[in-house]
Amino acid sequence: MKRKFAFVIATVCTLIIAGCGNGGNNNSASNGNAVNSGTKTAAPAATAAPAKNVTIKMFQFKVEIAEQLNALAEQYEKETGVKVEVETHGGGEDYGALLKAEIASGSEPEIFNNGGYTALVPYMDRATDLSNEPWAANLIPTSKTPATVDGKLYGMPMNVEGYGLIYNKDLFTKAGITEEPKTLPQLKDAVAKLKAAGITPFEATNEWWSMGIHLVNVGLAHQPDPKKFIEDVKAGKATIKGNPVFEQWLNLVDVIFDNAQDNKMTTDYATQVAEFASGKAAMMLQGNWTQGDIDKINPAMNLGLLPLPISDKEGTILVGVPNNYVVNSKSAHPEEAKAFLNWLVTSETGKKYLTKEFKFIPAETNVEADAADIGQVAVAVQKQSATALGWNWDMFPDGVTQGFGAAMQEYLGGQLNHDQLLEKLDKAVQDIVKQ
Amino acid sequence: MRKTLRLQRGWGQQIIFLWPALLFFLTIVVTPFILGFYYSSTDWNGLDLNKAVWTGAANWKRIFTNDDKFWESLLFTLRFTIVSVIAANVLALLLAFLLMTTLKTKKVLRTIFFMPNVIGGILLGYIWQFIFTKGFATIGDITGISFFKLPWLGTPSTGFWGLVIVFVWQTAGYMMVIYIAGLAGIPKDLIEAAKIDGARAPQLFKSVYVPLIMPAITICLFLTTSNAFKMFDLNLSLTKGGPGTSTQSLAYNIYAEALINNRYGLGTAKALLFFFAVSIITVTQVWITKRKEVSA
């Protein structure tokens, strides 16, 4: 009885929210009369021969690009005659719940967002195979992973983001470092030179996510098969302790922590970026998202991006996909939707919007972006993305990365030794996974 | 007949005046509390109520056999409660005695000492986080005093003492006001009589002041104990339970279980346990101090 009542309340709330959402954000660029008269699916029209009187609906969550996307949709209609109706639900709204409500109400948007991995599973009967789309061949390798199931690609990566060691080129020159360090011994050399020149090598932070997500992921990504390793760790068949890759990974962690600034235990993210941007340290483990904050303090800064090495082999940066576009096979016009996505990354207009308006790092290696639009770090991410490793933390259930972060904080504070750290990482997984 | 009518009329009036408050109390406090008993035995993840599966005693078994972090945070909370209750009450009593004397600025000072209690805990936490990490560091750089050069909030012990300092600073002013009220209520002639009988300051304090302000002590101890035990907002804004989980209070542990690990069922079970713990501790404390109250 209680459960039933609670369920009714929950349903009513969802409906109310869904109703409000629909009222607020409908794109004004598309007219109401654009509803298709015929229910039969239009023949797969090539972009050369635009099908008239067709509307595709895009149900997307990124509020930051909502206006630009609407403008782009108008451009597309001018060029091809196909209307793209963009509906944006994001920011404070629960996109996932709204999409469920939208589909439950019988409306099938042609394109919607999906994070991939476990989030994709409920939508597998709707996701269309995009493996043979023209742009698929140009994708950054790691950007395919989240939406790939059994070797087939079920989503188009929206964009990519990446992290590594961001470094201050001027400080490197001052310390007499002429070549970018790419292996661990080279990195140690560079650290020694920086110290000799009186420069703090690293700016570390005590933020749980920087260590628990980004730094731990370096160890995960270097596994021969990260996905299998993570599944094994979750099932208790493998442990992080005793894993040769993680033993090597500790060396990288030590190089960073041992050569970081004095007050690393009390440095939060904002302080880390501010100190780095004002030249107090030469390197920090961060990604392209710091560019905006760095620019606010020192827009003229000369920045580069180093790979994260764990041995004497060359390291890599780590690149991942925040989200994907999925084409809905149960919608009225999946072929038109595919054509639109293709146009987005191949036409001049689309490419221009992608980099100059959305300020994305394109997931396609053949779409060029320049530093003036997306920033120096982002351009460096794109350049090194061909060999990059991926983001793996989404394969863990909620709460695991926070546990990683807590363990890393204790290690940063010198409360743990190597073995204890790896044990705590294992425990963070088992604490959540074990019932 | 007449009596029952009057009784009914009395009830009618009470219900008319009470129902708005009662309605909110029932819907916001009582109903969720009762529902909590049900959810504490499910594996509800906080999202799909219809998918919450009844798991019997599994949550309770987990808490008692396989959850070191919960017990670590209980230990932390107990340590924190003992230290901060003593510190806050001693400081409050000292301030109260100080402000009972004929200081010229006593009205202004009373307001100033009371002020921190008016500011919300979350805000205080963020202000003090800035003071600890930036302010203390700067003072340390300028003066070279090692106390300020400690990595404040960056180690388990500085995190613990940081929380104690802010908590004491926040509550002492409020307790001071209660103690002042208690002290002001002591008849002057009793103190004079004691003085004429030759009582010295320590005797005066122990045998006259303390027994006579016992009601105030009861209230102050109750308020500080239950507030310290339930401390959450300071914990969230000052240390976030860190470094690691070393300064995680019981309330924060429950919050993390439900909202970070998405295990509302387990979180609810912990919250119920927490409720009983707070009840037992505070009721015992009130019962003990109540017995010591005397009337002049």
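Labels below follow one simple rule: chain letters A, B, ... track the order of the sequence lines, proteins then strands, and each chain is numbered from 1.
- Between B:P156 and A:Q415, the closest side-chain pair of non-hydrogen atoms falls below 4.5 Å.
- A:D232 CG: more than 12 foreign heavy atoms inside a 6.0 Å radius.
- Closest approach of B:R62 and A:K434 over heavy atoms only: NH1-O, 2.8 Å.
- Neither the backbone nor the side chain of A:T267 comes within contact range of chain B; no heavy atom of the residue lies under 4.5 Å from a heavy atom of that chain.
- In terms of heavy-atom proximity, B:T133 sits nearest to A:T266 at CG2-CB, 3.9 Å.
- Of the inter-residue distances, the one linking A:Q409 atom CD with B:T245 atom OG1 reads 9.0 Å to the nearest 0.5 angstrom.
- A:Q430 CD to B:N66 CG: the interatomic distance, rounded to the nearest 0.5 Å, is 10.0 Å.
- For CZ of B:F24, the number of neighbouring non-hydrogen atoms (other residues, nucleotides, ligands) closer than 6.0 Å is 12 at most.
- The choice from A:G399, A:G414, A:A407 that makes the most heavy-atom pairs within less than 4.5 Å of chain B is A:G399.
- No more than 12 heavy atoms of other residues, nucleotides or ligands lie within 6.0 Å of CH2 in B:W19, so this atom counts as exposed by the packing criterion.
- Expressed to the nearest 0.5 Å, how far NZ of B:K134 lies from CG of A:N263 amounts to 9.0 Å.
- Listed by chain and number, the residues in a ring-ring contact (aromatic ring centres under 6.0 Å, His included) with A:W393 are A:H214, A:W391 (sequence neighbours excluded).
- A salt bridge (Lys or Arg N to Asp or Glu O under 4.0 Å) check over residues 400-413 of chain A, counting only residues at least two apart or in different chains, returns the pairs A:E410-A:K424.
- In this structure, B:F130 places its CZ atom where only 12 or fewer heavy-atom neighbours from other residues, nucleotides or ligands lie under 6.0 Å away.
- The number of heavy atoms from other shown groups lying within 6.0 Å of CZ (B:F80) is above 12.
- Rounding to the nearest 0.5 angstrom, the gap separating the CG atom in A:D268 from the NZ atom in B:K240 is 8.0 Å.
- Taken from CG in A:D431 to CG in B:D68, the straight-line distance is 7.0 Å, to the nearest 0.5 Å.
- The line from CG of B:N261 to CD1 of A:I432 is 3.5 Å long, rounded to the nearest 0.5 Å.
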